[in-house]
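Input: a single structure, listed below in structure tokens.
These numbers come from a predicted model, not from an experiment. When a residue number appears, it is its place in the shown sequence, counting from 1.
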Amino acid sequence: LNMSLPCPLLTDLNRLLVVRSSLGDDFIFEASCAEESLRIVNSLKMVTARLVSHAVVGHGELMVNEFFNEAYVKGGVQFGTDESR
């Protein structure tokens with residue numbers, strides 16, 4: 001990063017998470033501890049792996065439904081209903 005960090009963020013760099021957008025913007029997050037930071041990073045890796053696995057095996061529709069559909073966010077899809085499509 002080519003920017004200065006605010007003073008509270010300089011205490012423990014193991015607690016920082018930096019996310020760079022596709023537009024090149026950097027977003028800095030501070031976790032409560034190093035363990036939480038690792039848990040967040042590992043969770044993001046798992047979500048990314050699941051998204052990519054759907055894309056690789058050709059489950060494009062399932063990928064879009066699972067990652068970009070509010071029905072999945074609001075308690076999950078009930079298979080066999082119109083919401084599962």
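- Nearest heavy-atom pair, Leu16 versus Ser37, reported as atom, atom and distance to 0.1 Å: O-OG, 3.8 Å.
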Report the C-alpha separation of Asn42 and Met46 in whole Å, then their side-chain angles, then the decisive distance to 0.1 Å, and conclude whether the side chain to side chain contact (heavy atoms under 4.5 Å, CB included) test is met.
CA-CA 6 Å; Asn42 287 332; Met46 293 299 290; 5.6 Å; no
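- Cluster annotation: Leu51 is not connected to Val57 through the hydrophobic network of ILVMFWY side chains, with a link wherever side-chain heavy atoms come within less than 4.5 Å.
- Atoms CG and CZ, from Leu44 and Arg39 in turn, are 11.5 Å apart once rounded to the nearest 0.5 Å.
- The shortest side-chain heavy-atom distance between Ile40 and Glu36 falls under the 4.5 Å cut-off.
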